[in-house]
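For reference, the structure is listed below as structure tokens.
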2 protein chains.
Amino acid sequence: MVTMKEIAKRTGVSISTVSLVMNHRDAGRVKPAIAAHVREVAEELGYQVNPMASSLRTNRTRTIGFISEEVATTPYAGGMILGAQSAASQLGYLLITVSTDGGMDEGEEIDALNRYGADGFLYAKMSNRVTGLPDRLKHSPVVLVDATDADGTIPSIEPDEYRIGYDATKRLVDAGCERIAYVGCSEPMIAQEGRLAGYRAALEEAGRKIDDRLIISVLNNGPALEAVSDLFDWERPDGFFCFNDARAWYVYECAARRGLTIGRDVSVVGVDNHRVFAETFSPQLTTVALPHFEMGYWAAAKVISMIEQRPLDDLQWPETTAPMPPLDAEIPAKVHCTLIEKESVRKA
Amino acid sequence: MVTMKEIAKRTGVSISTVSLVMNHRDAGRVKPAIAAHVREVAEELGYQVNPMASSLRTNRTRTIGFISEEVATTPYAGGMILGAQSAASQLGYLLITVSTDGGMDEGEEIDALNRYGADGFLYAKMSNRVTGLPDRLKHSPVVLVDATDADGTIPSIEPDEYRIGYDATKRLVDAGCERIAYVGCSEPMIAQEGRLAGYRAALEEAGRKIDDRLIISVLNNGPALEAVSDLFDWERPDGFFCFNDARAWYVYECAARRGLTIGRDVSVVGVDNHRVFAETFSPQLTTVALPHFEMGYWAAAKVISMIEQRPLDDLQWPETTAPMPPLDAEIPAKVHCTLIEKESVRKA
DNA sequence: TTGAAAGCGCTAACAA
DNA sequence: TTGTTAGCGCTTTCAA
């Protein structure tokens, strides 16, 4: 392992000088020629900082913890993690993800993260749930991801559900659908309300009047199929906006039973909760992607800005990379998420 | 933060003594009464080791890196990560997961992990792919997960595909199906061969003769639906073993178009690659679960045993927990995975 | 059976 | 502009 000592010896300067240079704190404090030489030798030797050693002095590890309860059971988490890791990596941080589903103890996992000195945390609850913050997180910078803070004190990143509903419905309008149904979720969720509002808004904007018989809310089980079946037979919609792919499945099943082809006889837009559905159904199923990557990305950026106590757009993004990579080409829609800024408890 | 110094002061012994006690190296070296007192005070103060500090002396961080390329794009990864994290956590290690899909540079991510001093690595390639090992991993203990080593030198954990095919087919036999079809994957994969062999074995064991017209292999696209459709019409199978849920979808679609009900008119067993499908189709679709959790779990245990240079069953599992938690209750089947032991390169 | 002391790689105050 | 020095919390000889 190459150390600063090694570089100091090779360049004939002191370790402190090397430290200054390696931390880019050399402007006006180290002669440019020397700094250049140090950098050169460091490069040559393949020097890498030892973050454990510096953390001992600075109490900063440049790591952030990502706490999620559904890594294994939903595919939601993947995109978020990827986004968070992407931003963290660009900003020189390491993301440490712990999942607390499947018998893992959340408290213990957070303790572990604290032992390893995580500088801040991302706390994710899938599907924009209202949540409280575990006590052990109270003294660190935290950003909620896809979750709403019950106390109203923690910054959070949430999907713009209204916009999602609006976008999806607008596409059906633009596709020429006359009777557009909404197959929603009958569990109380923030997403349901917002998307329904977006659905209504898009229809009204298009000069349609809202027909409540076209709006149904179902669970993900047997009766759902019946409800969708009735919707088909009684209301004869020609466009469906589905809360998620599980709901889209019922529309598919009903269409298949009636000999109708999706994409020709009826149109379907679903929210792409589970990428696999979209892959399988494609290209008939049009999907609106949830901005998981973006949420993770900006949540990480935000928590780093809190750790470093500087504004979000003052972060040291690498010159080679734009702060936000373009959306994945396969994701057909741009939908939005919102950063909700709040007063946050500072790290002690 | 509570340090050993603090405990030493409170108990009136030296830091070295505290260190011995906290590391359970006090047997016969510290008077039992003193050791007990130290432990008591440590407990009282809520002492936690500072792994960064000890790593500075020991060159061990008690972290292992999990490198996966498909966290975001497949739900496979979640179970593995959970299993690996579970074992790591039980054995006092921290799992650091990095995903290399979505524009992340694998080399850079591995460098980051090395900077943070990962003691060993899990290298995952989904769907049991044959793979080489990145150079930067060559000097650390590594276990491949769901992957086969091209060079034949790295230990790996792989699913028992034969057993999966056998189990799935056996269920259809037991359910009374007479004409059991296999809807496989036409891409060359280790899984395909093994499952097909298991399918044949189960049928032969049941005294059936293999009818090759009941075996089809399809991609996940348009022509697949036609192929399955033809299978339905020409061969009239009453049972389907599907390579994965994407293939099962085609069977569902065909059944729906013919007014047939899965679970009544025809039986389907699919391999549960994407949990969401199983949820949606449930309870009609019977699934055989891939042992992702188990693979992750034992891979982590194995790499830790390599790091600590002791046999797998000599590891310090916590007294409160059995080494291997029971399979998740929702997973209906026990399928097996195999640990393939090989000579491995030791950490320098 | 215990403690003093050195040092892991790095940072930061202070002196020169 | 540079170097000296003192530690961060811990482990590990080596002496006592």
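Below, chain A is the first sequence line, B the second, and so on; all start at residue 1.
- A donor-acceptor pair shorter than 3.5 Å can be found between the side chains of A:Ser14 and A:Thr17.
- Side-chain contact between A:Leu20 and A:Val38 is absent, with no heavy atoms from C-beta onward closer than 4.5 Å.
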Given protein heavy atoms under 4.0 Å, the one-letter contact record of nucleotides 8-16 of chain C, with B base, S sugar-phosphate only and - none, is simply BBBBB----
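- Within the 4.5 Å cutoff, the side chain of B:Lys31 has no heavy atoms near those of the B:His37 side chain.
- Ion pair B:Glu43/B:Arg39 not flagged as a salt bridge, since none of the NZ, NE, NH1 or NH2 atoms sits closer than 4.0 Å to an Asp/Glu carboxylate oxygen.
- B:Val98 has its side chain out of reach of B:Met104: every pair of non-hydrogen atoms, C-beta onward, lies at least 4.5 Å apart.
- OP1 or OP2 of D:dG3 has at least one side-chain nitrogen or oxygen of A:Thr17 nearer than 4.0 Å.
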